[in-house]
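Structure record follows, encoded as structure tokens.
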Amino acid sequence: MKKSARFCRTFVLTAAASALLTGLPRGGAQDHVDVPMHVIELLADSDSRYKIAGERTPEITVKAGEQVLLRVTARRGKSWNRDGSIHGFSLLRAKDRTRVEGWDLLFKPGKQEFQLTAPAEPGEYIVVCTVICSEDHEGMHMKFTVLP
Ligand SMILES: [Cu+2]
């Protein structure tokens, strides 16, 4: 996760720098530049825990308003929803636990991807599971930080 975050920042800077160097107007330059994407790989595991490779305590950090590709692998816990969803991923503002629009996701078993836009407001957020996936469901949450 840390590695990919650094990669993304570098990529954004490079795109911005090349736009400046070529002196093209912003809109025109962006038409020909690939949209930088911050890729996050997440495991929603059968033990009712979110996991990110290489992180003891999983945590997501994004930049305000950036494009995010969430690549999820989900493994079924002890219980799931009637619609087949086995875990959820709902982003809440830490200060009042209100939901962030567009970030209320449900996972099916296996791999899936979500294209998302990071919240515009920097600050502390939390991710919570919204599917009763086992008796440990209440512990299925994760810190999420939005940097300016
Ligand atoms: Cu869960």
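Just so you know, these numbers use all the heavy atoms, side chains as well, and skip hydrogens, waters and symmetry mates. Keep in mind the model is a prediction, meaning the values are calculated, not measured. Just follow the structure's listing: the first ligand is 1, and inside any ligand the first atom is 1.
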Protein N, O or S atoms under 2.8 Å from the Cu ion (ligand 1): 4

Ring centroid separation Phe107 to Phe114 under 6.0 Å: yes

Side chain to side chain contact (heavy atoms under 4.5 Å, CB included) against Trp80, all qualifying residues, sequence neighbours excluded: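 Only Arg76, Ile86 meet the side chain to side chain contact (heavy atoms under 4.5 Å, CB included) criterion with Trp80.
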
Side-chain (Tyr50) to main-chain (Cys129) donor-acceptor, under 3.5 angstrom: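 Yes: the side chain of Tyr50 pairs with the backbone of Cys129.
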
Polar side-chain atom of Asp96 near backbone of Thr98 as donor-acceptor pair, under 3.5 Å: yes

Ion pair Glu121/Lys95, N-O distance below 4.0 Å: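 Salt bridge: yes.
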
Trace of the side-chain contact (heavy atoms from CB on, under 4.5 Å) decision for Lys143 with Glu124: CA-CA 8 Å; Lys143 196 177 157 191; Glu124 292 303 316; 3.1 Å; yes

